[in-house]
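The first residue of the sequence shown is numbered 1, and numbering continues consecutively from there.
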Amino acid sequence: MRNVVFVEGVRTPFGKAGDKGMYAGTRADDLVVNAIRELLRRHPELPPERVDEVAIAATTQIGDQGLTIGRTAALLAGLPKSVPGFAIDRMCAGAMTAVTTTASGIGFGAYDIAIAGGVEHMGRHPMGEGVDPNPRIVADKLVDPTALVMGQTAENLHDRFPDITKERTDAFAARSQERYAEAVKTGKIGPELVPVATRSKELGWGLATEDEPPRPGTTVEQLAKLKTPFRPHGRITAGNAAGLNDGATAAILADEDTARELGLPIGMRLVGYSFAGVEPEVMGIGPVPATEKLFKRTGLSIDDIGLFEINEAFAVQVLAFLDHFGIADDDPRVNQWGGAIACGHPLASSGVRLMTQLARQFAERPDVRYGLTTMCIGIGMGGTVIWENPAYNGSEGAK
């Protein structure tokens, strides 16, 4: 097996889904094409013909997110016609799976270099558009009916872990907004963003350069007043969950020797990955068994992890992970630049956002050897990837 490295990831600014969102008049495939083109622009040392595969994920593979989007996006981005591509669907972990799938090919020797990413235009294609779930899923009681509504699964998670109160989730959400705002202010978030030309019937042409969803200055007091749409007197609100968003991500993965041959930077080195299934009614707990499974495979433990990037689909899901591993709600190692509650969660694209941020954090933290990216996945799954910092200098500052 060969060493697999994450060279660099980029993303579009994330937008709010809907007619008033900044990408309302922008095609989904054009979003991911912008990301791929930016990767190629940033790395002229990479001959386009050396790309062996393009894997692009989308949860709703229909319309401008369909037609084997990995292949069509590669063609639209200007890659040679000799470069193949394919599409992936693992709901929220689509881009994560695009990375782990192509990384496996690189490790095995089938590829030297791949581009992996994801796109979701929830304004054009709401989650579940056009699907026809087999009625036996509910009729045969394979899952509870709430399993098909992500907000209800988050309420179920609150039921299962009553120590995770709404007050805790609101406090976590406010902190996510605060950390994100500080990261933007200090330039931590921004360099990975790809400007995207936008078009509006009312406003004409524009340029998206920053995330649209964040609500800087959000307070716990404001969050406490929001409605709970999934259950009367519930705990899930628009403030302690990620919104409905549009956006795309892309990353270059390579065999480490090939990266050094071409002069590509090495952002981080893949250690291992794992996916696990859980009860669909509490899909938010998925990162816990996925991570435990991966620790057993790698021989690492939670004490070895110096940085965490956990997708914030819902605050309750992050807190369930932290409680399981004995980590404080406000631990500075966790989502130190904020998360999806602030910047948004365009479903299948988010896995590469987590990885991109972790790679950028590694560059600033030579005292940290290992970092972890993890996320819950609809229909009852979790996915976790552990990465090694190539800048690690042997100190024990992480612990």
Treating N335 as the side-chain partner and I310 as the backbone partner, does any N or O pair qualify as donor plus acceptor under 3.5 Å?
yes
Only one of W387, Y273, F362 passes ring-ring contact (aromatic ring centres under 6.0 Å, His included) with F6, and that residue is W387
I'd like to know if E178 and R175 make a salt bridge, using a cut-off of under 4.0 Å between side-chain N and carboxylate O.
no
Less than 4.0 Å between a side-chain N and a carboxylate O, is that true for R179 and D330?
no
Start with the C-alpha distance between H158 and I164, add both sets of side-chain angles, then the distance that settles side chain to side chain contact (heavy atoms under 4.5 Å, CB included), and finish with yes or no.
CA-CA 6 Å; H158 270 290; I164 305 177; 4.1 Å; yes
Of all heavy-atom pairs between A254 and V7, which one has the smallest distance, and what is that distance?
CB-CG2, 4.1 Å
Please check: side-chain N/O of E309 versus main-chain N/O of T373, any donor-acceptor pairing under 3.5 Å?
no
Applying salt bridge (Lys or Arg N to Asp or Glu O under 4.0 Å), run through E38 and R42 and close with a yes or a no.
CA-CA 6 Å; E38 177 65 11; R42 293 187 182 199; 2.7 Å; yes
Distance check, rounded to the nearest 0.5 Å: R124 atom CZ versus E129 atom CD?
11.0 Å
If you measure from the Lys or Arg side-chain nitrogens to the Asp or Glu carboxylate oxygens, is any gap between R260 and E256 under 4.0 Å?
yes
For atom CZ of R160, decide whether the heavy atoms of other residues, nucleotides or ligands shown that lie under 6.0 angstrom number more than 12.
no
Following the transitive rule for hydrophobic clusters with a side-chain heavy-atom cut-off under 4.5 Å over Ile, Leu, Val, Met, Phe, Trp and Tyr, establish whether V352 and L264 coincide in one cluster.
no
Considering all heavy atoms, the nearest A173-I341 contact:
CB-CG2, 4.0 Å
Non-hydrogen atoms of A103 and V4 that approach each other most closely:
O-CG2, 3.4 Å
For E210, does the CD atom sit with more than 12 other heavy atoms under 6.0 Å from it, leaving out its own atoms?
no
For the hydrophobic clusters of this structure (ILVMFWY residues joined by side-chain heavy atoms under 4.5 Å, transitively), does one cluster hold both V33 and L39?
no
If you measure only the distance, is there a donor-acceptor pair under 3.5 Å linking the side chains of T60 and Q65?
no
Could you walk me through whether E212 and Y23 pass the side chain to side chain contact (heavy atoms under 4.5 Å, CB included) test, one step at a time?
CA-CA 10 Å; E212 193 175 24; Y23 294 134; over 6 Å; no
So which of T298, V271, N389 actually passes side chain to side chain contact (heavy atoms under 4.5 Å, CB included) with Y370?
V271
If two hydrophobic side chains count as joined below 4.5 Å and joins carry through other members, does V149 share a cluster with L244?
yes
Begin from the C-alpha positions of T384 and T374 and carry the test side chain to side chain donor-acceptor pair (under 3.5 Å) through to its verdict.
CA-CA 4 Å; T384 300; T374 189; 2.8 Å; yes
Is the backbone N or O of S349 less than 3.5 Å from a side-chain atom of T249, with the two atoms forming a donor-acceptor pair by type?
yes
Please check: side-chain N/O of T101 versus main-chain N/O of A98, any donor-acceptor pairing under 3.5 Å?
no
CZ-OG1 distance between R353 and T12, expressed to the nearest 0.5 angstrom:
12.0 Å
To the nearest 0.5 Å, what is the distance between CE on M375 and OG on S350?
5.0 Å
Are L307 and V334 connected in a single hydrophobic cluster, I mean Ile/Leu/Val/Met/Phe/Trp/Tyr linked by side-chain heavy atoms less than 4.5 Å apart?
yes
I'd like to know if D30 pairs up with R199 as an ion pair, taking the criterion as any Lys NZ or Arg NE/NH1/NH2 lying under 4.0 Å from an Asp or Glu carboxylate oxygen.
no
In short, I36 meets A73 closest at the heavy-atom pair CD1-CB, 4.0 Å
Residues R11, D211: salt bridge by 4.0 Å N-O rule
yes
Decide salt bridge (Lys or Arg N to Asp or Glu O under 4.0 Å) for D19 and K201; before the verdict, give the C-alpha distance in whole Å, the side-chain angles of both, and the deciding distance to 0.1 Å.
CA-CA 11 Å; D19 293 340; K201 292 180 180 178; over 6 Å; no
Checking N34 side chain against L31 main chain: does a donor-acceptor pair fall under 3.5 Å?
no
Measure from the side-chain N and O atoms of E53 to the backbone N and O of G85, and report whether any donor-acceptor pair falls under 3.5 Å.
yes
Can you check whether M122's main-chain N or O pairs, donor with acceptor, with D246's side chain at less than 3.5 Å?
yes
Please answer whether the main-chain N or O of R136 pairs with a side-chain N or O of N134 as donor and acceptor at a distance below 3.5 Å.
yes
When hydrophobic residues are tied together by side-chain contacts of less than 4.5 Å, even through go-betweens, does L76 share a cluster with V32?
no
Nearest 0.5 angstrom please: D52 CG to D255 CG, how far?
10.0 Å
Considering all heavy atoms, the nearest T291-P287 contact
OG1-O, 2.6 Å
Between R360 and E364, does any side-chain N to carboxylate O distance fall below 4.0 Å?
no
Qualifying residues under side-chain contact (heavy atoms from CB on, under 4.5 Å), relative to P47, sequence neighbours excluded:
E49, R50, L262
Under a 3.5 Å distance rule, please check whether D170 uses its side chain to pair with a backbone N or O of E167 as donor and acceptor.
no
How long is the span from the OG1 atom in T146 to the CE atom in M283, to the nearest 0.5 Å?
11.0 Å
Could you tell me whether a side-chain N or O of R90 sits under 3.5 Å from a main-chain N or O of A57, the two making a donor and an acceptor?
no
Quick one: CG on D64 to CZ on R27, what's the gap to the nearest 0.5 Å?
4.5 Å
Hydrogens and angles aside, do T72 and D29 bring a side-chain donor and acceptor to less than 3.5 Å of each other?
no
Test side chain to side chain contact (heavy atoms under 4.5 Å, CB included) applied to T169 and R235, step by step:
CA-CA 8 Å; T169 60; R235 292 141 297 193; 5.5 Å; no
Looking at every non-hydrogen atom in both residues, tell me the closest pair between I252 and I115 and how far apart they are.
CG1-CG1, 4.4 Å
Audit row: D329, D323, side chain to side chain contact (heavy atoms under 4.5 Å, CB included) steps and yes/no
CA-CA 8 Å; D329 293 7; D323 282 1; 4.2 Å; yes
